[in-house]
Amino acid sequence: MSTVFALVDCNNFYVSCERLFRPALNLRPVVVLSNNDGCIIARSNEAKSHGLVMGAPYFKQKALLRRHGVQVFSSNYALYGDLSNRVMATLQQMEPDVEIYSIDEAFIRLPTQGDRTFFQQGRRIKKTVDQCVGIPVSVGIGQTKTLAKLAATVAKKENCHKGVFHFKDDGQRDEVLAGVPVQKVWGIGSRSCKKLNRHGVYTALDLQQSDNRWIRKFMGLSCARTVLELRGQPCISLEATPSSRKSIVSSRSFRQPVTELADLKESVSCYISIAAGKLRKQGLVAANLHVFLATSRFRTDIPHCSDSRMIALSQPTSSTPLLIKAGIQELTSLYKKGVPYNKAGIMLTGLSRANRQQRNLFLPAESREDSQLMAALDQINERWGRDTLRYGSSGLTRAWSMKQSRKSPAYTTCWAELPVVH
DNA sequence: TCTGGGGTCCTAGGACCC
DNA sequence: TCTGGGGTCCTAGGACCC
């Protein structure tokens with residue numbers, strides 16, 4: 001029996017999270033902004049109908065937002081992350097094979113069980129998530145992940161499907177594909193779309209019927225896989241056990257351009273503290289540390305500047321102070337006086353398991369005290385909140401830190417911000 | 001004035017080896 | 001004048017995803 005995939009996709013996820021604790025916002029237009037209150041990254045259906053587009057800069061949309069009385073939120077990842085975990089846990093309780101694909105999506109291998117149809121199984125999933133967490137989801141079901149993704153967009157859009165859509169047969173599948181622009185297909189971005197359009201491929205059905213060898217040669221391997229997936233031939237498998245991270249990035253845009261080395265040092269220390277914490281949480285160590293600095297891509301009055309440096313650490317580590325020391329050294333050699341930087345960041349690569357290290361004969365092993373110190377720091381910050389204990393180098397006032405003027409409370413992850421029932 | 005952040009995979013080209 | 005062939009590994013950049 002062939003596998004059937006379901007994609008569970010939370011509807012307008014960030015907006016749904018905000019509405020969960022502000023039910024008065026249901027049926028009202030709502031948007032959520034990216035970090036630094038930069039762009040619109042989530043929209044309620046009402047906001048979409050007012051012509052607010054994904055990724056639009058906030059400052060350019062303010063007038064339109066005001067005109068339609070749109071409720072605007074800064075992003076609140078503590079809240080979204082926590083609710084995402086609850087949705088995923090609910091799915092994992094229902095089905096054995098769940099792949100958490102993103103903060104708001106999961107693929108599920110659907111069993112062909114008894115007398116329950118796939119549609120009924122989809123309905124059951126939707127209803128359960130709604131009852132247990134309160135986040136509305138759409139469910140798309142197909143023979144491959146790519147088809148399940150497509151089915152989910154149908155489920156989301158057309159009210160008649162009750163939030164669940166399953167291709168009945170190949171005929172219906174092709175009928176749907178004929179109505180989908182090729183760029184809406186999972187894996188086809190704007191570049192590939194332009195290239196395909198130039199060769200007369202406009203719809204998902206056109207792509208599905210393209211010649212294999214031509215696609216492989218001119219569009220590459222990933223696109224060739226997508227074509228097979230559209231035909232119902234699975235090429236992308238379900239990954240129920242997450243593979244271990246290959247890199248960890250931490251970076252932010254600044255509230256306003258930063259020119260002082262002292263401020264950059266604080267920010268880089270801060271990002272390293274965040275990334276090193278993630279590293280330890282996953283039981284990993286990093287062999288390389290990259291630091292990068294950039295000016296705004298959008299400024300035309302100064303030459304664009306984007307510099308990065310990588311340092312191979314003398315031995316893999318997850319120690320915050322060791323990484324901060326290396327990072328500040330790199331930063332100092334990267335820094336150019338007078339340049340108005342708008343963003344800084346760090347990346348950890350060469351990740352491996354902390355408990356499977358090759359010792360270096362010529363270097364002292366990382367001290368026990370150091371790892372015990374990090375464990376204590378993590379425990380305290382886990383218990384009392386991020387940054388309860390932090391390195392002085394990451395600053396106290398942080399004048400450079402990002403803008404978040406419209407953030408809702410961390411309703412579910414912070415005692416002081418629990419919602420109050422009157 | 002103000003334009004996000006965090007990931008993965010693929011590919012081409014260079015360095016190097018025998 | 002004429003300078004091979006086959007392989008691996010690494011890296012940077014491109015493309016895509018949410």
Please confirm whether the shortest side-chain N or O distance from [X] to OP1 or OP2 of [N] is below 4.0 Å.
| X | N | answer |
| --- | --- | --- |
| A/S192 | C/dC16 | yes |
| A/K343 | B/dT3 | no |
| A/R255 | B/dC2 | no |
| A/N342 | B/dT3 | yes |
| A/R225 | B/dC10 | yes |
| A/R216 | B/dT11 | yes |

- Query: Taking for each residue the nucleotide of DNA chain B with the nearest heavy atom, is it A/M54 or A/G220 whose nucleotide lies nearer the 5' end?
  - Reply: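 The residue mapped nearer the 5' terminus is A/M54.
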- Item | Closest-nucleotide 5' rank along DNA chain B - winner of A/S222 and A/N36 |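 Nearer the 5' end of the strand: A/N36.
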- Taking the inter-plane angle between the rings of A/Y341 and A/Y335 on a 0 to 90° scale, is it parallel (under 30°), tilted (30 to 60°) or perpendicular (over 60°)?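 Tilted.
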Contact class for [X] (heavy atom, under 4.0 Å): base, sugar-phosphate, or nothing?
| X | value |
| --- | --- |
| A/S190 | sugar-phosphate |
| A/I188 | sugar-phosphate |
| A/D9 | nothing |
| A/K149 | sugar-phosphate |
| A/D37 | nothing |
| A/Y101 | sugar-phosphate |
| A/V185 | sugar-phosphate |
| A/I103 | nothing |

Report the nucleotide, chosen from [options], that has the shortest atom-to-atom distance to any side-chain atom of [X].
| X | options | value |
| --- | --- | --- |
| A/N35 | B/dT3, B/dG5, C/dC17 | B/dG5 |
| A/E105 | B/dT3, C/dC18, C/dC16 | C/dC18 |
| A/S253 | C/dC17, B/dG5, B/dT3 | B/dG5 |
| A/Y77 | B/dG4, C/dC16, B/dC2 | B/dG4 |

Looking only at side chains, do [X] and [Y] share a donor and an acceptor under 3.5 Å apart?
| X | Y | answer |
| --- | --- | --- |
| A/D37 | A/Q404 | no |
| A/T320 | A/R280 | yes |
| A/N35 | A/K403 | no |
| A/D82 | A/T412 | yes |
| A/S394 | A/S269 | no |

Atom-pair distance ([atom1] on [X]; [atom2] on [N]), nearest Å:
| X | N | atom1 | atom2 | result |
| --- | --- | --- | --- | --- |
| A/R43 | C/dC18 | CZ | C1' | 14 Å |
| A/I346 | B/dG6 | CD1 | P | 9 Å |
| A/K195 | B/dC10 | NZ | C1' | 12 Å |
| A/K60 | B/dG4 | NZ | P | 11 Å |
| A/F13 | C/dC17 | CZ | C1' | 17 Å |
| A/Q282 | B/dG6 | CD | P | 13 Å |
| A/L64 | B/dT3 | CG | C1' | 17 Å |
| A/F218 | C/dA15 | CZ | P | 17 Å |

- Query: So what does the secondary structure string of DNA chain B come out as, 5' to 3', with Watson-Crick or wobble pairs under 3.5 angstrom, [ ] for crossing and | for pairs with another strand?
  - Reply: ....||||||||||||||
- Message: Counting only heavy atoms and a strict 4.0 angstrom limit, can you tell me which residues of residues 237-252 of chain A come near DNA chain B?
- Response: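 Only A/R245, A/K246, A/S247, A/I248, A/V249, A/S250, A/S251, A/R252 qualify.
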Carboxylate-amine/guanidinium proximity below 4.0 Å for [X] and [Y]:
| X | Y | result |
| --- | --- | --- |
| A/K265 | A/E330 | no |
| A/R109 | A/E99 | no |
| A/K127 | A/D130 | no |

- Item | Heavy-atom side-chain proximity of A/Q61 to A/I40 below 4.5 angstrom |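 A side-chain contact under 4.5 Å exists here.
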- Message: So that I know where these two stand, are A/F107 and A/W186 an aromatic pair - ring centroids less than 6.0 Å apart?
- Response: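 Ring centres of A/W186 and A/F107 closer than 6.0 Å.
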- Task: Pick the C1' atom in B/dC16 and in C/dG4, then give their distance to the nearest Å.
- Result: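 Here B/dC16 and C/dG4 have their C1' atoms 16 Å from each other.
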- Message: Does A/F292 form a ring-ring contact (aromatic ring centres under 6.0 Å, His included) with A/Y271? I'd like the steps, not just the answer.
- Response: CA-CA 11 Å; A/F292 48 92; A/Y271 306 149; 8.8 Å; no
